[in-house]
Protein chains: 2
Amino acid sequence: MRPTIKSVAAVAGVSTATVSYVLSGRSGKDGSRSGSGVAPATVLRVQEAALALGYRPNQSARAIRTGRTNLLMLSLTMISDPWALDVSRAVGTAAAQRGITPMILADTDWRVALKRQNADVTFIDGAEEPGDAELLAQAARLQRLVVFSDTMEPEGFDVVRPVAGSSCDQAVDHLTGRHHRVGCLISSTHSTSTLDIRFGAYTRGLARAGLDYRDDYVETYDRDGLSAFDAALRLLQRADRPTAIYATTDFAAIAAIHAAQRLQLRIPGDVEVLGIGNTTEGERMTPSLTTVGPEGFFDGLAAFLLDRAENPDGPAGILEFPWKLIVRDSAPSV
Amino acid sequence: MRPTIKSVAAVAGVSTATVSYVLSGRSGKDGSRSGSGVAPATVLRVQEAALALGYRPNQSARAIRTGRTNLLMLSLTMISDPWALDVSRAVGTAAAQRGITPMILADTDWRVALKRQNADVTFIDGAEEPGDAELLAQAARLQRLVVFSDTMEPEGFDVVRPVAGSSCDQAVDHLTGRHHRVGCLISSTHSTSTLDIRFGAYTRGLARAGLDYRDDYVETYDRDGLSAFDAALRLLQRADRPTAIYATTDFAAIAAIHAAQRLQLRIPGDVEVLGIGNTTEGERMTPSLTTVGPEGFFDGLAAFLLDRAENPDGPAGILEFPWKLIVRDSAPSV
DNA sequence: CTGTTAGCGCATTCAG
DNA sequence: CTGAATGCGCTAACAG
């Protein structure tokens with residue numbers, strides 16, 4: 001049988017209340033709050049008893065009393081995406097110091113995350129469908145929610161969103177400036193509104209540069225890791241292959257670079273590649289990835305999530321990150 | 001205020017017990033177990049009340065009563081490793097149908113997973129240090145544990161392990177058969193005992209082939225994704241670069257292929273590459289990866305974990321998977 | 001056959 | 001330092 005606070009109390013010869021005080025640290029000389037203060041000898045006896053029995057507080061029981069689980073849930077639709085990895089890493093680092101454990105719900109519809117509501121705060125990456133807002137608003141009445149979305153407004157839940165500004169347009173101009181054959185990789189899972197920001201910049205940019213829009217220069221990829229690679233291969237194996245590729249995520253851009261290298265094409269000599277998201281993998285790969293995105297985003301997001309986890313009752317807000325074009329080696333300036 | 005079973009009962013005009021019966025499905029005509037059976041009209045009223053209030057059962061309260069959380073925890077030391085992604089995907093698929101939610105504890109020491117024991121079963125990938133067994137055995141008294149380990153024996157916790165046999169030796173022979181310059185990529189985080197199986201095969205294989213062991217043909221990589229890429233670059237940028245690379249994980253082998261392609265080397269023409277783990281990413285990439293590993297491992301592991309989650313009280317056992325050499329395009333047969 | 005009462009499980013925390 | 005109440009849902013035993 002698993003040891004409970006009661007067995008510890010019995011062994012130490014004290015009440016369960018005392019055990020609770022000792023084990024949750026409200027025992028020391030400073031005795032934060034009124035009234036507490038357990039004799040050092042008792043503290044020792046309790047600690048020994050707990051150790052001897054191998055006692056661990058039952059998290060469920062604790063949660064039922066305190067209303068806090070010290071869990072932070074990340075619902076990430078594609079865990080192999082470097083963007084998701086960055087989120088995970090940043091949150092993991094920030095949470096470690098605060099006694100909060102981040103858990104990842106991977107590759108699942110976020111709707112299931114809403115049912116299983118046992119985290120102090122839940123982060124949802126990418127909900128854009130029209131009907132989603134209502135679902136989220138309803139779920140937000142029962143749990144703290146932070147939603148990454150290009151288009152939504154807070155409704156009980158917090159919203160984290162990019163401020164694209166003209167960054168995507170600049171990015172496309174960056175490519176059309178020296179290239180007439182500019183291909184595009186778009187995600188099949190992004191909603192139309194997200195695509196409006198990312199893909200719309202592509203079509204508008206072509207028009208601005210006086211280039212024709214060509215269906216066959218646009219390839220679609222989906223969640224699957226190899227799907228983006230294959231999409232890029234299709235683009236690059238054409239006789240009149242694009243000499244520049246605009247990808248709507250860093251993930252796809254990185255896959256495109258690998259695909260190009262597999263075909264023995266040089267980056268940026270033979271093909272230039274540009275992504276969106278400013279992930280660390282893109283920053284640190286060789287060649288480094290030219291991208292559109294915010295700076296300091298992941299740490300900022302992590303801090304925001306931890307704040308929400310610790311103050312679950314504050315008002316819902318918006319966390320905005322301005323995007324800009326970040327020029328690196330895969331599509332350099334000159 | 002969050003709706004509880006009590007508020008639902010009040011709205012529906014019944015007792016909390018009835019609500020519980022209805023919502024946990026013990027209401028229908030079959031009424032598994034004695035006594036139960038709620039009138040259809042009542043069922044409807046309760047369901048409507050629950051819906052109207054947006055009621056969700058409190059998972060903590062439920063867990064405290066039933067002793068089950070319906071959570072399955074995966075402690076994965078490197079989430080970007082395709083091996084970990086395969087584990088996650090397989091478990092996610094298998095768990096979805098059974099009302100169990102898999103959660104990932106990423107990039108953390110598994111010791112923290114043991115403290116936060118709120119899952120029906122916890123999977124730990126890679127614990128090999130001598131002192132670990134004792135820690136795990138102790139933790140296993142409080143929670144169901146499944147440990148992936150080359151070397152450990154069950155001690156209250158289950159063990160999942162490969163049976164390497166001569167597969168790694170065959171793999172090295174496969175390379176030394178046509179190559180005199182065979183490099184090696186080894187993980188800095190694997191324990192010495194794991195390395196004995198994987199790395200020992202390399203040194204023994206060189207000896208068998210009459211080749212000298214060279215320090216400078218062995219490069220080390222660590223957890224970091226780019227680290228393996230850089231290690232491979234170092235190997236491949238030598239004047240007398242290896243013409244074959246034996247990597248101790250698929251992860252490193254894939255990075256090596258990317259590194260080679262970046263240097264415009266052909267796989268397998270200029271460099272042959274071989275990994276360990278038999279991941280789906282290796283299988284499906286271009287060129288497909290020659291590797292050492294089990295077949296059907298991930299689904300087998302997933303089934304094993306779900307079984308443990310559902311029968312937490314069974315005896316601890318061993319799940320073994322025989323490894324074999326799987327020849328594909330990155331290091332073909334002829 | 002239908003529904004209720006009452007107690008349980010664990011840790012927390014206020015009032016003494 | 002302790003007694004006792006508290007939070008939420010489950011379920012055995014019982015009553016209509």
Does [X] pair with [Y] as a salt bridge, N-O distance under 4.0 Å?
X	Y	answer
B:R223	B:D81	no
A:E153	A:R161	yes
B:D158	B:R308	yes
B:R144	B:D313	no

If you look at every strand shown and take non-hydrogen atoms under 4.0 Å, does [X] touch a base, only sugar-phosphate, or nothing?
X	answer
A:S60	nothing
B:V14	sugar-phosphate
B:R68	nothing

**Message:** On DNA chain D, compare the nucleotides closest to A:A41 and B:A17; which residue's is nearer the 5' end?
**Reply:**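 By nearest-heavy-atom nucleotide position, the 5'-most residue is A:A41.
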**Item:** Test item: side-chain donor near acceptor, B:T280 and B:D86, under 3.5 Å
**Value:**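 Their side chains do contain a donor-acceptor pair, which is all the 3.5 Å distance test asks for.
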**Asked** Looking just at side-chain N and O atoms, do A:T69 and A:N118 make a donor-acceptor pair shorter than 3.5 Å?
**Response**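 A:T69 vs A:N118: no donor-acceptor pair found between side chains.
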**Request:** Run the ring-centre check on B:W83 versus B:F148 and record whether the distance is less than 6.0 Å.
**Result:**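 When the ring centroids of B:W83 and B:F148 are compared, they turn out to be within the sub-6.0 Å range.
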**Asked** Out of D:dT2, C:dT4, D:dT11, which nucleotide sits closest to the side chain of B:S20?
**Response**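 Within the option list, the nearest is D:dT11.
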**Item:** Residues from residues 2-11 of chain A lying under 4.0 Å of DNA chain D - heavy atoms
**Value:**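 Nucleic-acid contacts, sorted: none.
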**Prompt:** Do B:V121 and B:P312 have side chains that get closer than 4.5 Å, going by heavy atoms?
**Reply:**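 Of all side-chain heavy-atom pairs linking B:P312 with B:V121, none is under 4.5 Å.
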**Within-4.5 Å side-chain heavy-atom neighbours: A:I104 and A:I79** =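 Answer yes - side chains close enough.
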**Request:** Find the bend of the helix from C:dC1-D:dG16 to C:dG16-D:dC1 as the angle between its two terminal axes (five pairs each), to the nearest 10°.
**Result:**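 Answer rounded to 10°: the end axes differ by 50°.
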What's the [atom1]-[atom2] distance between [X] and [N], to the nearest Å?
X	N	atom1	atom2	answer
B:I64	C:dT12	CD1	C1'	11 Å
A:R65	D:dA5	CZ	C1'	8 Å
B:L23	D:dC8	CG	C1'	14 Å
A:R62	C:dT13	CZ	C1'	13 Å
B:N58	C:dC10	CG	C1'	13 Å
A:Y21	C:dT13	OH	P	8 Å
B:R45	C:dT2	CZ	C1'	12 Å

**Message:** Just N and O in the side chain of B:T16: are any of them under 4.0 Å from OP1 or OP2 of C:dT4?
**Reply:**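 Negative; the distance criterion is not met.
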**Prompt:** How do B:A61 and B:S15 order along DNA chain C: which one's closest nucleotide is nearer the 5' end?
**Reply:**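 The answer here is B:S15.
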